[in-house]
Asks: 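Below you will find the structure I want to go over with you.
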Amino acid sequence: MSSPLFVGIDAGGTKTALLATQGKPPVRLTGPGAQVLRDGPEAAVATLTSLIKEAQDAFDGAALGGVAVGLAGAGRAEQRDAVTQALKTQLDGAPVVVTHDADVALEAAYHSEGGALVVVGTGSMVYARTDEGETLRAGGWGALLGDDGSGTALGRATLRAVLASYDGGPPSTLAEGVAKRFGLDSAEAIISAVYLDGLPLSDVAPVLLDAVEDDDWVASSILTRETNALGQQVGWLATRAGDTVPKQLAYTGGLTNETAYRASLTAALERHLPGWTLRASQEEPVEGALAMAKRLARA
């Protein structure tokens, strides 16, 4: 009888990463983003199921021993339960756990230890675990109500700055960058792209980061403001946690791989967390998800 297949998934707003193993070597797959609040449970389950079936095919149809999914937007129990039950149905009753994507990132960063975590990509969230295993969070309220410092927030602020320049506000290279990348060279074109065509705001973030690298003052001010807002959320969480959370923080997510962003975020964190140890997470969130999947077999 062949060994069971274990699958860990980190599903974010922009892409979904899967790591599967039946021993060694593991298989890595990438698929489209899955955000349950944005896409709805049915669409999220379709994306997840497709990737899991692809992983099974890579292992000659091996039976699933456990599947753990960190899913963006799955902060409420009813959302997690709906996706869990639908996945179990699609996967013939295989052991499945669905949690927030910050949970798998925290697992990857600290394993069983306590500490704080900043996750920043399309969205953002601050998460922490005490030495006793209690979890705390700040931010992560989605694109309309929160996600400070995220790709979505940077993109939104970039377009606002461009629109302001058309109104007579501070000039910058951002308008040129948006026109070059997206062909949007007027206020009307930007409004139509966002409100009628559904341009993902996070897609605009690279324009800002390029302008920061070129020493654009407006772009640099936006980046400082957004990363400071995220750092402020971390400070609030640290104040609430007191001495229950070890004074260590890891950061992860696609934006933290960008040099200019990482420098600005680190400076903000140092302002709001004096005396804390700061570092990049040494493992990817999908690795934390795989560790959770393997634990299902021992539960």
Side-chain angles (χ1 to χ4, degrees), residues 12-15 30 32-33 35 37-39 72-73 118-126 139-234 251-272:
T14 301
K15 69 176 183 178
T30 302
Q35 214 281 11
L37 290 178
R38 180 193 66 196
D39 305 331
V118 171
V119 183
V120 58
T122 302
S124 69
M125 185 174 177
V126 183
W141 308 123
L144 295 180
L145 297 177
D147 287 349
D148 292 341
S150 67
T152 297
L154 296 184
R156 180 174 58 237
T158 298
L159 294 182
R160 284 174 58 87
V162 173
L163 293 172
S165 72
Y166 289 140
D167 284 342
S172 77
T173 61
L174 292 174
E176 180 183 349
V178 168
K180 182 177 180 180
R181 185 177 290 256
F182 301 102
L184 306 176
D185 56 3
S186 68
E188 291 76 13
I190 291 173
I191 296 301
S192 294
V194 172
Y195 289 108
L196 299 181
D197 300 332
L199 173 67
L201 295 177
S202 59
D203 287 358
V204 185
V207 174
L208 180 84
L209 296 177
D210 288 345
V212 171
E213 294 285 0
D214 292 335
D215 295 323
D216 184 283
W217 177 83
V218 172
S220 297
S221 297
I222 290 171
L223 182 59
T224 298
R225 182 177 70 243
E226 288 293 337
T227 53
N228 189 68
L230 186 54
Q232 188 175 54
Q233 288 184 339
V234 178
Y251 49 84
T252 189
L255 273 177
T256 65
N257 295 321
E258 301 292 335
T259 301
Y261 186 92
R262 186 170 61 250
S264 185
L265 177 63
T266 300
L269 294 172
E270 288 174 344
R271 285 194 297 272
H272 292 283

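Along the sequence shown, the residues carry numbers beginning at 1.
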Asks: Run the salt bridge (charged side-chain N to carboxylate O under 4.0 Å, His left out) test on R181 and D210 for me, step by step, so that the C-alpha distance in whole Å, both residues' side-chain angles and the decisive distance to 0.1 Å come before the verdict.
Replies: CA-CA 11 Å; R181 185 177 290 256; D210 288 345; 3.4 Å; yes
Asks: Have T122 and T14 got a donor and an acceptor in their side chains that come within less than 3.5 Å?
Replies: yes
Asks: Indicate whether any N or O donor in one side chain lies under 3.5 Å from an N or O acceptor in the other, for T173 and D216.
Replies: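 Present: a donor and an acceptor within the cut-off.
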Asks: If you count every heavy atom of other residues, nucleotides or ligands that lies below 6.0 Å from Q232 atom CD, does the total exceed 12?
Replies: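 Atom CD in Q232 is packed in, count exceeds 12.
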Asks: So how far is it from S172 OG to D214 CG, rounded to the nearest 0.5 Å?
Replies: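 Here the interatomic distance stands at 11.0 Å.
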Asks: Write down the atom of S220, the atom of V212, and the distance for their closest heavy-atom approach.
Replies: N-CG2, 3.9 Å
Asks: For A260 versus E213, what's the shortest heavy-atom pair and its separation?
Replies: CB-OE2, 3.6 Å
Asks: Is a side-chain donor-acceptor pair under 3.5 Å present for R271 with N228?
Replies: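 Indeed, the side chains of N228 and R271 share at least one donor-acceptor pair under 3.5 Å.
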Asks: Going through the distances and angles, do V120 and L230 end up as a side-chain contact (heavy atoms from CB on, under 4.5 Å)?
Replies: CA-CA 9 Å; V120 58; L230 186 54; 4.2 Å; yes
Asks: Using side-chain heavy atoms (C-beta onward) and a distance below 4.5 Å, is L174 in contact with V218?
Replies: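 L174 vs V218: side chains touch.
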Asks: Who pairs with S264 by side chain to side chain donor-acceptor pair (under 3.5 Å), at least two apart in sequence or on another chain?
Replies: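 Here the qualifying residues are T227.
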Asks: Calculate, to the nearest 0.5 Å, the distance between atoms CD and CG belonging to Q233 and D148 respectively.
Replies: 4.5 Å
Asks: Let me see the working for L209 and L255 under side-chain contact (heavy atoms from CB on, under 4.5 Å), right down to the final yes or no.
Replies: CA-CA 10 Å; L209 296 177; L255 273 177; 4.0 Å; yes
Asks: What is the minimum heavy-atom distance between A153 and E226, and which atoms define it?
Replies: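 Residues A153 and E226, closest heavy atoms: CB-OE1, 3.5 Å.
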Asks: Assess whether side-chain contact (heavy atoms from CB on, under 4.5 Å) is satisfied between V118 and T252, documenting all intermediate values.
Replies: CA-CA 6 Å; V118 171; T252 189; over 6 Å; no
Asks: Do V234 and H272 come within less than 4.5 Å of each other through their side chains, counting heavy atoms only?
Replies: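 SC-SC contact between V234 and H272 ruled out.
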Asks: So do R160 and L163 actually touch side chain to side chain, heavy atoms under 4.5 Å?
Replies: no
Asks: Are Y251 and V119 close enough that some pair of their side-chain heavy atoms sits under 4.5 Å apart?
Replies: no
Asks: Indicate the atoms forming the closest heavy-atom contact of A205 with G151, along with that distance.
Replies: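 Closest pair (atom of A205, atom of G151, distance): CB-O, 3.7 Å.
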Asks: Ignoring hydrogens, what is the shortest heavy-atom contact between G13 and R38? Give both atom names and the distance.
Replies: O-NH1, 3.0 Å
Asks: Just wondering, do D203 and F182 contact through their side chains at under 4.5 Å, heavy atoms?
Replies: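 Of all side-chain heavy-atom pairs linking D203 with F182, at least one is under 4.5 Å.
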Asks: How many angstroms lie between atom CG of D147 and atom CE of M125, to the nearest 0.5 angstrom?
Replies: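 So the gap between those two atoms works out to 10.0 Å.
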Asks: Quick check: closest heavy atoms across P170 and S165, and the distance to 0.1 Å?
Replies: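 In this case the closest contact between P170 and S165 is O-CB, 3.7 Å.
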Asks: Just so I know, are the side chains of L199 and L184 near enough to count as touching, which here means a heavy-atom distance under 4.5 Å?
Replies: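 SC-SC contact between L199 and L184 confirmed.
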